[in-house]
Amino acid sequence: MNQTLLDAALQSHRAGNLAEAGRLYSEILRADPRHLEALYRFALLHFQIGRFADSERLFAVAIQFYPEVPELFYGRGCSLQALRRFEDALASFARALMLRPNYIEARNNRGVTLLKMKRYQEALSAFDMLNANDDYGRALILNNRAAALLGVKRYGEALDCSEKSLALKPDQAQSLSTHAAALGMLGRYDEALENYEKSLALDPTNPEVRNSRADMLVMLKRFEAAMGDYERLLKEGFDVEYIRGNLAICRLHCCDWHDLAALKSGIDEGLKAGRAVLQPFGSLMLTNSPEDQLRSAKIWVADRFPKQPALSGGARYKHDRIRVAYVSGDFRDHPVATLLAEVFESHDRSRFETIAVSFGPDDQSAMRERLKAAFDRFIDIEGMSDLEAAHMFKDMEIDIAVDLAGYTGASRGAIFAMRPAPIQVNYLGYPGTLGADYIDYIIADRTVIPDRHQSSYAEKIVLLPGTCHPARLPKIAVPTLTRTDAGLPETGFVFACFNNSYKFNPETFDIWMRLLKAVDGSVLWLPEPNTAAKGNLRREAETRGVLSERIVFAPFLPTIDEHLARLKLADLFLDTLPYNAHTTANDALKMGVPVLTSPGETFAGRVAASLLQAAGLPELIVPSRSDYEALALSLAREPELHARTRAKLAEARE
């Protein structure tokens, strides 16, 4: 009787009639709870339909009856892996391998589990031990090895490995996706997107590939197209990690605010529940809560840069000069370099040995050459893995390692996770906590981190006097431009905000539009954003009763001097919240343009206030949105007040 039912169940299973197969397996197990084949196949069926907890339970039951069957441990390991119970999955695969040492599938999935745990070097070693007899198996192993090589940042080797995998099996969606990831890490974004497209054509329902394609569209600044992929995934029920935050960030880039409040509400709930819903950099744009930013950072660091065994035991080295390594991907013509160049040049070389550790591109700029001259040593680690770089720090006996990137760009947090230096510091590049217990200090001031917020930082806080922002406000010789040259009307008050469009939000835009309506002939001067954002901002203005032509968009200019020359034409720089102007505020003050800010609760929302305090202009720091609107209106309507403010700024700048 059982054999007849089993044959029927297997036939239904193979035909894709899973409901009928499940009914028949259940009937067999009611009659014989120890039936090995029915337990095994029913567990596989549950795995197929995504009921991983039920699958794991059935495999566990079967193992109690048949503890010497390696396939059961392998199947349970796969279910545990899907449930993200990675340590348990490793143990189950290990048991399968004890029972059958040449069990290639178990060894491969052990490597895949290590990949998911971000234990890339161990995963690579696991895949290096594998061999297969057929093209499919060889292609799978090569693809997984490529993924491990990506993890250890050996991108060129990863690309070569993925190409070999595709040469064996060119129609494998996962291999195409891994190939795309390697191309993306090498900066070949258009080719990466093309490979994600090919992968999706083969496997259109794969949520991970669709999510990766959306991420690549973001890298290409095609935010509107990325939104389409994120929205489709959510609509289809795939609540992929960080997808809600990524969708919200794209909304901000496009100034598409139609469901932003609902997205933010869901993100807030997710953060409080400890879920991976928002990347730390996105939290700067979307939250005004230092506690939520700490939650976001802690979730991210546990996921992407988990603490590793420390290379440095914490003992202090005894050097004649303290060795300080500054780690950045922005040692080039970039705002971080512009702000810090003089700091590097001002170090006391008799007391400090300074080392630049660069992992970004060499743009062959004058700034790059200036920075090379500013350090005792300039080391390019772009081709190094995180492990190799961390060992280099240890071998060099670095006393203090300063992370100037944080969670911006292609950061290298995994280096710091290995604790290669006894003291590790977060400074400037990322305006917030890194949420990692292996980062000892954050450099700040009392404005950006007031006493009441200190508990929301994982780091110990070093408070500099004045401002922690390394800014000077010297007069700069720039060309003289007219308003016509800059595309501005000859008369009327010019409100300006040269922040990125992702810092704009409906609450701030409401104020800006009310100011335009209240001040005849005034305009709002913004940097020209992407096409979607430009259209949405014009539409939002019209919706609020303001002619869209009163928003003037400034095109991108190739040099900072050209931009600073036109910036002088603004009458008042209006800051954003919850993410302030940082370098853009410094640029405005440098060119004699007053900056009006209302500080928020987070580091990122208080930088402009820090700059204004240091410049002796506390009157331009107001406590609320209503005060912000009132003072902006007064400065625009009262020429004497505006003139006095500019004169005071000019005096402070001297």
Side-chain angles (χ1 to χ4, degrees), residues 252 254-255 257 478-557 562-577 580-581 584-585 587-598 608 620 622 625-626 628-643 645-646 649:
L252 288 174
C254 292
C255 299
W257 306 320
V478 293
T480 300
L481 298 179
T482 66
R483 284 188 166 198
T484 301
D485 294 332
L488 293 166
E490 283 299 316
T491 60
F493 197 87
V494 177
F495 296 105
C497 180
F498 275 84
N499 288 349
N500 283 306
S501 61
Y502 61 72
K503 295 186 181 182
F504 304 164
N505 57 47
E507 296 81 11
T508 301
F509 198 73
D510 285 342
I511 295 173
W512 292 351
M513 293 302 100
R514 288 198 295 269
L515 289 171
L516 291 185
K517 286 195 281 189
V519 181
D520 291 342
S522 62
V523 295
L524 176 64
W525 197 19
L526 304 175
E528 187 159 29
N530 60 75
T531 302
K534 191 173 180 179
N536 284 330
L537 287 170
R538 291 195 184 282
R539 179 180 52 78
E540 293 284 352
E542 297 281 354
T543 300
R544 290 164 174 77
V546 176
L547 292 175
S548 61
E549 51 263 37
R550 292 183 68 184
I551 301 178
V552 179
F553 292 107
F556 174 79
L557 294 176
E562 290 175 273
H563 168 62
L564 294 175
R566 71 178 174 189
L567 185 55
K568 289 173 62 177
L569 299 169
D571 292 308
L572 178 64
F573 188 105
L574 296 171
D575 199 11
T576 49
L577 193 72
N580 275 181
T584 46
D587 288 342
L589 295 172
K590 191 185 299 181
M591 301 317 296
V593 179
V595 175
L596 174 61
T597 193
S598 178
L620 293 176
V622 294
R625 290 183 185 274
S626 58
Y628 172 99
E629 185 173 351
L631 184 52
L633 193 57
S634 296
L635 287 164
R637 283 178 167 174
E638 300 174 31
E640 297 84 1
L641 175 62
H642 184 255
T645 303
R646 292 198 81 144
L649 173 56

Determine the minimum heavy-atom distance between T508 and L577, stating which atoms define it. OG1-O, 3.8 Å
Sequence-distant partners of E640, side chain to side chain donor-acceptor pair (under 3.5 Å), two or more places apart: none
In the structure I gave you, are the side-chain heavy atoms of N530 and C254 within less than 4.5 Å of one another anywhere? yes
Locate the shortest heavy-atom distance separating A570 from W525; write the atom from each residue and the value. N-CZ3, 3.9 Å
Under the salt bridge (Lys or Arg N to Asp or Glu O under 4.0 Å) definition, can you give me all pairs with a residue in residues 493-518, not counting sequence neighbours? D510-R544, R514-E629
Rounded to the nearest 0.5 Å, the CG atom of L574 sits from the CG atom of L524 at a distance of 7.0 Å
Hey, what do you get for CG (L572) to NE2 (H642), rounding to the nearest 0.5 Å? 6.0 Å
Rounded at 0.5 Å granularity, tell me how far CG in N500 sits from CG in L252. 11.5 Å
In terms of heavy-atom contacts, V552 and G487 come closest through CG1-O, 3.5 Å
According to side chain to side chain contact (heavy atoms under 4.5 Å, CB included), who are the partners of T531, at least two apart in sequence or on a separate chain? none
I need the I511 CD1 to L515 CG distance, nearest 0.5 Å. 7.5 Å
About how many Å separate OG1 of T645 and CG of L631, when rounded to the nearest 0.5 Å? 7.5 Å
For L564, check side chain to side chain contact (heavy atoms under 4.5 Å, CB included) against everything at least two apart and list the hits. I476, V478, I560, D561, L567, D587, M591
Those residues at least two apart in sequence (or on a different chain) that pass side chain to side chain donor-acceptor pair (under 3.5 Å) with T482 are D485
A side-chain contact here means heavy atoms from C-beta on lying under 4.5 Å apart; do P594 and L635 qualify? no
If we only count heavy atoms from C-beta on, is the C497 to F504 side-chain gap below 4.5 Å? yes
Check whether any side-chain heavy atom of L537 sits under 4.5 Å from a side-chain heavy atom of F509, and report yes or no. yes
Where is the tightest heavy-atom contact between F573 and V593, given as atom of each residue plus distance? N-CG1, 3.8 Å
For residues P527 and F498, report the shortest heavy-atom separation together with the two atoms involved. CD-CA, 3.6 Å
Who passes side chain to side chain donor-acceptor pair (under 3.5 Å) against K534, sequence neighbours left out? E528
Roughly how far, to the nearest 0.5 Å, is OH of Y502 from OG1 of T576? 9.5 Å
Any donor-acceptor pair under 3.5 Å linking the side chain of N580 with the backbone of D575? no
Keeping to residues at least two apart or across chains, list the side chain to side chain donor-acceptor pair (under 3.5 Å) pairs with something in residues 548-557. S522-R550, E542-S548
Residues forming a side chain to side chain donor-acceptor pair (under 3.5 Å) with H563, sequence neighbours excluded: R566
Sorted by chain and residue number, the salt bridge (charged side-chain N to carboxylate O under 4.0 Å, His left out) partners of R483 (sequence neighbours excluded) come out as D571
Go through the structure and list residues passing side chain to side chain contact (heavy atoms under 4.5 Å, CB included) with T543, not counting sequence neighbours. R539
Least distance between heavy atoms, A518 atom then L633 atom: CB-CD1, 3.6 Å
Is there a side-chain contact between V494 and L569 (heavy atoms, below 4.5 Å)? no
The criterion is side chain to side chain contact (heavy atoms under 4.5 Å, CB included); which residues satisfy it with A636, sequence neighbours excluded? F493, F495, V519
Ring pair (Phe, Tyr, Trp, His ring centres under 6.0 Å) contacts touching residues 529-553 (sequence neighbours left out): none
